[in-house]
J.: 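Below: one structure in structure tokens.
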Amino acid sequence: MIRTRFAPSPTGHVHIGNMRAAIYNWLFARSTGGAFLLRVEDTDRERSTPEAVETVIEAMNWLGLQPDEDPVYQSQRRDAHLAAAEDLLSRGLAYKEDKGNTGRGEAVVFRMPGRDMKFEDGVKGGLKKKSKHLQDFVIVRSDGSPVFHLANVVDDIHMGITHVIRGDDHVENSFRHIALYQALNAEAPHFAHLPMIVNAQGKPYSKRDGAAFVGDFREKGYLPEALFNYLVLLGWSPGDDREVMEREEMVRCFTLDRVQSSAAQFDWKKFEWMNGEHLRRLPREVHRQKYTEAIPAAATNPDYLDAVIHVMEERIKKWDDIAPMAGFFFTEDYEYDPKAVEKRLHAPQALELLVELRTAFSDLSDFTAESTEQALRDLAEARAVKPAELIHPVRIAVSGIPQGPSLFHMLQVLGRERVLNRMQITLLKFSPPQ
RNA sequence: GUCCCCAUCGUCUAGAGGCCUAGGACAUCGGGUUUUCAUCCCGAAAACAGGGGUUCGAUUCCCCUUGGGGACGCCA
């Protein structure tokens, strides 16, 4: 059975590149009926605090990447690592030396087999390395602590890992690791190395390029299903034109050999678009809850809230959009965008027209998108102005901002009472003093 | 410097010798939705890095060049 693992070293935040590796490991395990495990490489005591570990687990939970077995903590496996080193030492496959004459005492050094090596990478294909470029390396420091390479391999053997799917930066390590597996009489797993995620300059994507850590995406109101979907597509495709996919769909068609072998650039525009796509697929109830969280007043009238959600649906791309884009629906104390006021309310005749339009609105027998539109167009024609000269001022008057949903649908949702009231307030506020 | 990897529209990609007048998506531009727009619909522009081979035929296979990236710790 296939067994994969995600082996982060907890530093307090999880980079999207690492998380993508976790996603691929998870997908690969799921798509093959195998198991996905977590190993916390917490041997660096300085950085690996309990909080840092918690951050990793939270990020995984948020994205729905639950491991199938209890996590393995590398720091607790020190004895096993050291025993392996002793074993290698006793069989002459490692030796003691003050490598580089540091004066710090003798470290345990692993002896490379002294022959050319090659392996088949699941993503990159055949990889090979000449013996002369494969140097012996330290596996236990002179202070007695195991080095990453040793710990990593010993733990992967212990956990029965069959496929190691990790970042590109480990390609060279794989030769060393394979040699270690062989020396430890263990069958080496299959390796697959994922290309990096880069920024617009082609450099490794970092926090300076925007949100680089999983937590950032959550804080900014993006959806885990969108980040999951986008990250999967950044370096993989199902082979057809499908892009916005459900998780189960990806599980069904994921294969390692369709993973791209070149670096991929994170495109914020496309990611935002994808977030919007996933947002719209979410059940109404989730939207209700998010509106209520963003705008407490939204909870007071469920029917009104549903109407607002309906009319705003196409506009909201992330949860953080709710407050600035839909806040005006739920308060009479909304702010007026200064530029919009200047351009639309201080336009010639704007306020006069607004007065007339308000009268027309109040005379309507019913107040709907259709009737308000008709009334507005009639007035525009009667006064020989373009509809836009009325449309814009009304929008600013009732919402304070220059963009939003279709105006007349918006008016219908707001209802006659609010609309008339807001127009009145606006007129008082912006009319020149008599 | 040494070693390794990569190379299709601006971006993510489809393409595993003829199906390619190179497809899709995001972004861009134009038009429409007899109102704006950060929505929606329609349309357009946009790429096989260059040079050699192999082949009847190369985006697809091989080599070189160029360009990019990565690794060279008693870090992980």
Side-chain angles (χ1 to χ4, degrees), chain A residues 7-11 41-44 46-48 74 97-100 102 104-109 121 123-125 127-130 132-135 137-149 151-152 166-175 193 195-198 200-204 230 233-244 257-258 260-274 276-277 280 311-317 321 324-325 340 343-344 373 376-377 380 386-396 401-408:
Chain A
S9 78
T11 57
E41 304 211 327
D42 56 348
T43 51
D44 183 343
E46 309 263 305
R47 292 188 298 177
S48 302
Q74 191 158 70
E97 184 189 303
D98 183 355
K99 203 164 180 284
T102 59
R104 274 180 281 172
E106 293 194 313
V108 179
V109 181
D121 188 281
V123 169
K124 295 176 179 297
L127 261 26
K128 58 191 174 197
K129 195 90 162 174
K130 290 260 192 288
K132 63 174 173 181
H133 296 121
L134 264 7
Q135 251 79 57
F137 58 96
V138 172
I139 53 176
V140 180
R141 298 185 188 88
S142 51
D143 67 0
S145 61
V147 169
F148 160 73
H149 304 293
N152 192 272
R166 65 204 334 187
D168 228 350
D169 47 335
H170 283 294
V171 175
E172 313 276 329
N173 288 336
S174 294
F175 293 100
H193 290 95
M196 338 188 51
I197 295 176
V198 299
Q201 287 71 241
K203 301 291 179 191
Y230 184 74
L233 246 33
L234 208 56
W236 175 85
S237 84
D240 50 40
D241 292 339
R242 281 176 294 172
E243 293 207 308
V244 180
D257 60 353
R258 293 203 58 82
Q260 203 75 13
S261 51
S262 51
Q265 200 168 305
F266 193 95
D267 183 348
W268 270 96
K269 291 275 180 53
K270 185 156 185 174
F271 170 66
E272 290 230 347
W273 163 79
M274 183 163 277
E277 291 293 311
R280 268 172 238 157
V311 82
M312 287 302 295
E313 199 167 45
E314 301 285 321
R315 314 268 156 179
I316 301 290
K317 284 194 164 170
D321 288 342
M325 289 171 73
K343 185 172 179 190
R344 302 303 187 185
E373 176 163 9
L376 185 143
R377 289 185 188 289
K386 285 189 289 189
E389 290 183 50
L390 279 162
I391 285 163
H392 295 294
V394 192
R395 179 182 288 285
I396 307 306
I401 50 179
Q403 67 274 309
S406 157
L407 175 69
F408 303 107

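Letters A, B, ... are given to chains in the order of the sequence lines, protein chains preceding strands, and every chain is numbered from 1.
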J.: Measuring to OP1 and OP2 of B/G15, would you say a side-chain N or O of A/Arg258 lies under 4.0 angstrom away?
T.: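 A/Arg258 to B/G15 OP1/OP2: side-chain N or O found under 4.0 Å.
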J.: List the atom of A/Ala107, the atom of A/Ser142, and the distance in Å for their closest heavy-atom pair.
T.: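 Distance-wise, the nearest heavy atoms are CB-N, 3.9 Å.
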J.: Is there a side-chain polar atom (N or O) of A/Arg395 under 4.0 Å from OP1 or OP2 of B/U35?
T.: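 Looking at the OP1 and OP2 atoms of B/U35, neither is under 4.0 Å from any side-chain N or O of A/Arg395.
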J.: Rounded to whole angstroms, how far apart are NZ on A/Lys270 and C1' on B/C9?
T.: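 Whole-Å distance recorded here is 12 Å.
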J.: Mind checking if A/Met274 touches a base, just sugar-phosphate, or nothing, with heavy atoms under 4.0 Å?
T.: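 No contact.
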J.: Whole angstrom is fine here: how far is it from CG in A/Asp241 over to P in B/G24?
T.: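 After rounding, the reported distance stands at 8 Å.
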J.: Measure the spacing between NE2 of A/His392 and CG of A/Leu407 and express it to the nearest 0.5 Å.
T.: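 Between A/His392 NE2 and A/Leu407 CG, I get 9.5 Å after rounding to 0.5 Å.
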J.: Which heavy atom of A/Pro195 sits nearest to which heavy atom of A/Asp168, and what is that distance?
T.: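 That closest heavy-atom pairing would be CA-OD2, 3.5 Å.
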J.: Considering only atom C1', compute the distance from B/A46 to B/C61 and round it to an integer number of Å.
T.: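 Result for the C1' pair: 28 Å, nearest Å.
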J.: Answer with base, sugar-phosphate or nothing: what part of the nucleic acid does A/Ala264 contact at a heavy-atom distance below 4.0 Å?
T.: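 The residue A/Ala264 makes sugar-phosphate contact but no base contact.
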J.: Between B/A47 and B/C56, how many Å separate the two P atoms, rounded to a whole number?
T.: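 After rounding to an integer number of Å, I get 31 Å for this pair.
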J.: Looking for any heavy atom pair under 4.0 Å, which part of the strands does A/Asn173 touch: base, sugar-phosphate only, or nothing?
T.: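 Counting heavy atoms under 4.0 Å across all strands, the contact made by A/Asn173 includes a base.
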J.: Apply side chain to side chain contact (heavy atoms under 4.5 Å, CB included) to the pair A/Leu376 and A/Phe408, showing each step before the final yes or no.
T.: CA-CA 10 Å; A/Leu376 185 143; A/Phe408 303 107; 4.0 Å; yes
J.: Using Watson-Crick or G-U wobble geometry with both distances below 3.5 Å, tell me the partner of B/U55, or none.
T.: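 For B/U55, the partner nucleotide comes out as none, under the 3.5 Å rule.
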J.: Can A/His170 be called stacked on B/A71 when the rule is centres closer than 5.5 Å and an angle between planes below 30°?
T.: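 By the stated criterion, A/His170 and B/A71 do not stack.
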J.: Counting the atoms with a prime plus P, OP1 and OP2 as sugar-phosphate, which does A/Glu243 contact under 4.0 Å by heavy atoms, base, sugar-phosphate, or nothing?
T.: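 Contact class for A/Glu243: base.
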J.: Enumerate all atom pairs, one protein N or O and one N or O from nucleotides 39-43 of chain B, separated by less than 3.5 Å.
T.:
unit_1 : atom_1 : unit_2   : atom_2 : d
B/U39  : O2'    : A/Glu314 : O      : 3.4
B/U39  : O2'    : A/Glu314 : OE1    : 2.6
B/C40  : OP1    : A/Arg280 : NH1    : 3.4

J.: Considering only side-chain heavy atoms of A/Phe408, which listed nucleotide, B/C12, B/U35, B/U36, is closest?
T.: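 When the side chain of A/Phe408 is considered, B/U35 is the closest of B/C12, B/U35, B/U36.
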J.: Please state how far atom CD1 in A/Ile396 lies from atom C1' in B/U35, giving the value in whole angstrom units.
T.: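 So the CD1-C1' distance, A/Ile396 to B/U35, works out to 12 Å.
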J.: Please confirm whether the backbone N or O of A/His149 pairs with a side-chain atom of A/Asn173, one donor and one acceptor, at under 3.5 Å?
T.: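 Such a contact is absent between A/Asn173 side chain and A/His149 backbone.
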J.: Strictly distance-based, threshold 3.5 Å: is any side-chain N or O of A/Tyr230 a donor or acceptor partner for the main-chain N or O of A/Glu272?
T.: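 Side chain of A/Tyr230 to backbone of A/Glu272: no pair is present.
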J.: Decide side chain to side chain contact (heavy atoms under 4.5 Å, CB included) for A/Asn152 and A/His170; before the verdict, give the C-alpha distance in whole Å, the side-chain angles of both, and the deciding distance to 0.1 Å.
T.: CA-CA 12 Å; A/Asn152 192 272; A/His170 283 294; over 6 Å; no
J.: With distance as the sole criterion, do the side chain of A/Ser406 and the base of B/U35 form a donor-acceptor contact below 3.5 Å?
T.: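 Yes.
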J.: Using Watson-Crick or G-U wobble geometry with both distances below 3.5 Å, tell me the partner of B/A7, or none.
T.: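 Partner of B/A7: B/U66.
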J.: How close or far is atom P of B/C75 from atom CG of A/Asp169, stated in whole angstroms?
T.: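 Those two atoms, CG and P, are 17 Å apart.
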J.: With rounding to the nearest 0.5 Å, note down the distance linking CD in A/Gln201 to CD in A/Gln265.
T.: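 If I round to the nearest 0.5 Å, the distance is 8.0 Å.
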J.: So A/Ser9 and A/Gln74, side chain to side chain contact (heavy atoms under 4.5 Å, CB included) or not? Walk me through it.
T.: CA-CA 10 Å; A/Ser9 78; A/Gln74 191 158 70; over 6 Å; no
J.: P atom, B/G70 versus B/G18: distance in rounded Å?
T.: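 B/G70 and B/G18 have their P atoms separated by 36 Å.
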J.: Give every pair of a protein N or O atom and an N or O atom of nucleotides 59-62 of chain B that lie under 3.5 Å apart, one pair per line with the distance.
T.:
none

J.: Kindly say if A/Arg242 contacts the phosphate of B/C12, meaning a side-chain N or O under 4.0 Å from OP1 or OP2.
T.: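 No, because none of the side-chain N or O atoms of A/Arg242 sits under 4.0 Å from OP1 or OP2 of B/C12.
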J.: Let's see if you can work this out: which of B/A14, B/G24, B/U36 has an atom nearest to the side-chain heavy atoms of A/Ser237?
T.: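 Nearest to the side-chain atoms of A/Ser237, counting from C-beta on, is B/A14.
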J.: What's the gap between B/C4 and B/G10 when it is taken at their P atoms, as a whole Å value?
T.: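 Roughly 31 Å separates the two P atoms.
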J.: Answer yes or no: is there an ion pair linking A/Arg141 with A/Asp143, defined by an N-O contact shorter than 4.0 Å?
T.: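 No.
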J.: Taking C-beta and beyond as the side chain, do A/Pro238 and A/Trp236 meet within less than 4.5 Å on heavy atoms?
T.: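 In contact.
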J.: Would you kindly give the CD-to-P distance between A/Glu272 and B/U28, to the nearest whole Å?
T.: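 My rounded result for the distance is 12 Å.
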J.: In whole Å, what separates the C1' atom of B/G50 from that of B/G67?
T.: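 Comparing C1' positions in B/G50 and B/G67 gives a spacing of 10 Å.
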J.: Checking all strands, does A/Pro387 fall into the base, sugar-phosphate, or nothing category for heavy-atom contacts under 4.0 angstrom?
T.: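 Answer is nothing: A/Pro387 stays at 4.0 Å or more from every strand.
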J.: Taking atom P in both B/A71 and B/G53, compute the distance separating them and give it to the nearest angstrom.
T.: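 Between the two P atoms, the distance is 38 Å.
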J.: To the nearest 0.5 Å, what is the distance between NZ on A/Lys130 and CZ on A/Phe175?
T.: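 Answer for the NZ-CZ pair, A/Lys130 versus A/Phe175, is 11.0 Å.
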J.: Let me know, please, whether A/Glu373 or A/Lys269 comes out on the 5' side of the other along RNA chain B by nearest nucleotide.
T.: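 This one resolves to A/Lys269.
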J.: Categorize A/Gly276 for me: base, sugar-phosphate, or nothing, with a 4.0 angstrom heavy-atom threshold over every strand shown.
T.: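 A/Gly276: no heavy atom of the nucleic acid under 4.0 Å.
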J.: For the side chain of A/Asp98, counting heavy atoms from C-beta on, which of B/A25, B/C74, B/C12 is nearest?
T.: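 My answer, after comparing the listed nucleotides, is B/C74.
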J.: Reading RNA chain B from 5' onward, which residue's closest nucleotide shows up sooner: A/Arg377 or A/Gln403?
T.: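 Taking each residue's closest nucleotide, the earlier one in sequence belongs to A/Arg377.
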J.: Could you check how far CD of A/Gln265 sits from P of B/G68, rounded to whole Å?
T.: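 Answer to the nearest Å: 15 Å.
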J.: Quick one: look up who B/A71 pairs with, Watson-Crick or G-U, both distances under 3.5 Å, and put none if it's unpaired.
T.: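 Because both required distances fall under 3.5 Å, B/A71 counts as paired with B/U2.
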J.: To the side chain of A/Leu407, which of B/U35, B/G10, B/G24 is closest?
T.: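 The nucleotide sitting nearest to the side chain is B/U35.
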J.: Could you run down nucleotides 2-8 of chain B 5' to 3' and tag each one B, S or - for protein heavy-atom contact under 4.0 Å?
T.: SSSSSS-
J.: Any heavy-atom pair between the side chains of A/Phe271 and A/Leu233 that's under 4.5 Å?
T.: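 Result no, sub-4.5 Å side-chain heavy-atom pair not found.
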J.: Given the P atoms of B/G30 and B/A45, what is the spacing between them in whole Å?
T.: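 Going atom to atom, P in each nucleotide, I get 15 Å.
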J.: Can you check the A/Ile197 CD1 to B/G70 C1' distance for me, whole Å?
T.: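 It is 15 Å, rounded to the nearest whole Å.
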J.: Starting at CD of A/Gln403, measure out to CD1 of A/Ile396 and round the result to the nearest 0.5 Å.
T.: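 Separation between the atoms: 8.5 Å.
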J.: Check every strand shown and say whether A/Leu234 touches a base, only sugar-phosphate, or nothing at a heavy-atom separation below 4.0 Å.
T.: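 The answer is sugar-phosphate, as A/Leu234 gets under 4.0 Å only of primed atoms, P, OP1 or OP2.
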J.: Rounded off to whole Å, could you give me the CZ-to-C1' distance for the A/Arg141 and B/G73 pair?
T.: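 Distance check: A/Arg141 CZ to B/G73 C1' gives 10 Å.
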J.: Calculate, to the nearest 0.5 Å, the distance between atoms CD1 and CZ belonging to A/Ile391 and A/Arg344 respectively.
T.: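 Output value for this atom pair is 10.0 Å.
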J.: So if I take every side-chain heavy atom of A/Pro204 and compare against B/U36, B/G70, B/C26, which nucleotide ends up nearest?
T.: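 The answer is B/G70.
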J.: Considering only the P atoms, how many Å lie between B/A16 and B/A22, rounded to the nearest integer?
T.: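 Taking atom P in both B/A16 and B/A22, they lie 15 Å apart.
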